[in-house]
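Structure first, then comments.
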There are 2 protein chains.
Amino acid sequence: MAENIPPELASDLRHYLTRLYLALRRHSPINELSATQSSALATLLDHGPMRMGELAERECVRMPTATSLVDVLTRDGLAERRPDPDDRRAVVISLTDQGRALIADIRDRRDATVTAALEQLTAAQVAALAEAAPALRDLQARLENNDR
Amino acid sequence: MAENIPPELASDLRHYLTRLYLALRRHSPINELSATQSSALATLLDHGPMRMGELAERECVRMPTATSLVDVLTRDGLAERRPDPDDRRAVVISLTDQGRALIADIRDRRDATVTAALEQLTAAQVAALAEAAPALRDLQARLENNDR
DNA sequence: TATTGTTATACTCTATAACTATA
DNA sequence: TATAGTTATAGAGTATAACAATA
């Protein structure tokens, strides 16, 4: 494990990461979906149909919040509730074809935005980012784990 | 400028950055300040007293939002309004000593959280992150600029 | 009894529109 | 008339508490 952490690194990373997220978020498609909604759709796309409780947990929200979120997605034809055949208390949330197409399209356009920004960096900077990507993933995992 | 962007890099970075932000955000001090409030305090700490309109612009919110945010900060003794001596329509927002101490303390604790996670990575990973930090800063700047 | 989900209610954050006071 | 800020109002997102149906 690392021992000599450069003194400013934690502060710099926290600052840049926060700003990057806000910049990315500002590129969220206006007039289409909120960040909350697109996050839920992406979770459903990546992990398949799931029960309300699992969706709430993955999105780090409480059940009533998930209920009202799914209400909106259902109203807009992006997701649907079905009864769970194994447990009549439960519902299973799944994407509609329209929901699947929309979130895939949004992802493509967001990736294109980041690619366009990357193209304005130097080749060395892009290489540094590619080198650091796995460390970013692990850093995130550590933060999540230290959390719970 | 870079030309050959690795195909998965944009997608990976977007994903890790989003998750990292959410993980960092979850470490926000509970029962103390919301993300919105601490962001405003940090802006006031970094840039000194400013008028309501400037605070709104820096926080990327509209004026009524800034007004109610400052209402809360004032109510809690973290900031204060003063008349602008040069323009009797305007107010100047400044931190109180209590607000300054609180935001400095929050920053220190957030940095400590990130440092603790960094210490669990390998030395090579920490080096890769330190190497990539300037590129993260520039990537953010490009995204902001492409935006406006 | 315990669990799954919904309903009721409330607070924060955000916005637009209308207003007041001053420039 | 234009600008700085506030007030009025509304909608999204979040929470806790209380409830219904089922396990």
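Note on naming: letters A, B, ... go to the chains in the order of the sequence lines (proteins, then strands), and numbering restarts at 1 for each one.
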I need the CE-P distance between A:M50 and C:dG5, as an integer number of Å.
12 Å
Rounded interatomic separation in angstrom, taking CE from A:M52 and P from D:dT22
16 Å
Rounding to a whole Å, what distance do you find between B:D84:CG and D:dG5:P?
8 Å
Return the value, rounded to whole Å, for the distance between atom CD1 of B:I93 and atom C1' of D:dT6.
12 Å
Report yes or no: does A:S39 contribute a side-chain atom to a donor-acceptor pair with the main-chain N or O of A:T36 at less than 3.5 Å?
no
Whole angstrom is fine here: how far is it from CD in A:E54 over to C1' in C:dG5?
15 Å
Closest to the A:M63 side chain, choosing from D:dT14, D:dA4, C:dT6
C:dT6
Rounding to a whole Å, what distance do you find between A:R62:CZ and D:dA18:P?
16 Å
What residues form a side chain to side chain donor-acceptor pair (under 3.5 Å) with A:R62, not counting sequence neighbours?
none
For A:E80 and A:T74, does a side-chain donor sit closer than 3.5 Å to a side-chain acceptor?
no
Between B:Q125 (side chain only) and B:T122 (backbone N and O only), is there a donor and an acceptor less than 3.5 Å apart?
yes
Is there a side-chain contact between A:S34 and the phosphate of D:dG13, meaning an N or O under 4.0 Å from OP1 or OP2?
yes
C:dT12 OP1/OP2 closer than 4.0 Å to side-chain N/O of B:Q37
no
So which of residues 65-77 of chain B are in contact with DNA chain C, with a heavy-atom cut-off of under 4.0 Å?
B:T65, B:S68
Scan nucleotides 20-23 of chain C against the protein and return all N/O pairs shorter than 3.5 Å with their distances rounded to 0.1 Å.
{"from": "C:dA23", "atom 1": "OP1", "to": "B:R88", "atom 2": "N", "distance (Å)": "3.1"}

From CD of A:E59 over to P of D:dA15, roughly how many Å is that when rounded to an integer?
11 Å
Using modelled atom types only, decide if a donor and an acceptor are shared between the side chain of B:D84 and the backbone of B:D86 within a distance under 3.5 Å.
yes
Let me see the working for B:L33 and B:I106 under side-chain contact (heavy atoms from CB on, under 4.5 Å), right down to the final yes or no.
CA-CA 9 Å; B:L33 287 178; B:I106 285 173; 3.6 Å; yes
Has A:S11 got a side-chain atom pairing as donor or acceptor with A:E8's backbone, closer than 3.5 angstrom?
no
Using modelled atom types only, decide if a donor and an acceptor are shared between the side chain of B:T65 and the backbone of B:V61 within a distance under 3.5 Å.
no
Between C1' on C:dT12 and CG on B:L33, what's the gap in Å once rounded to a whole number?
13 Å
Could you tell me whether B:R100 and B:D105 make a salt bridge, using a distance below 4.0 angstrom between a side-chain N and a carboxylate O?
no
Counting heavy atoms from C-beta on, name the nucleotide in C:dT12, C:dT6, C:dT4 closest to the side chain of A:R51.
C:dT4
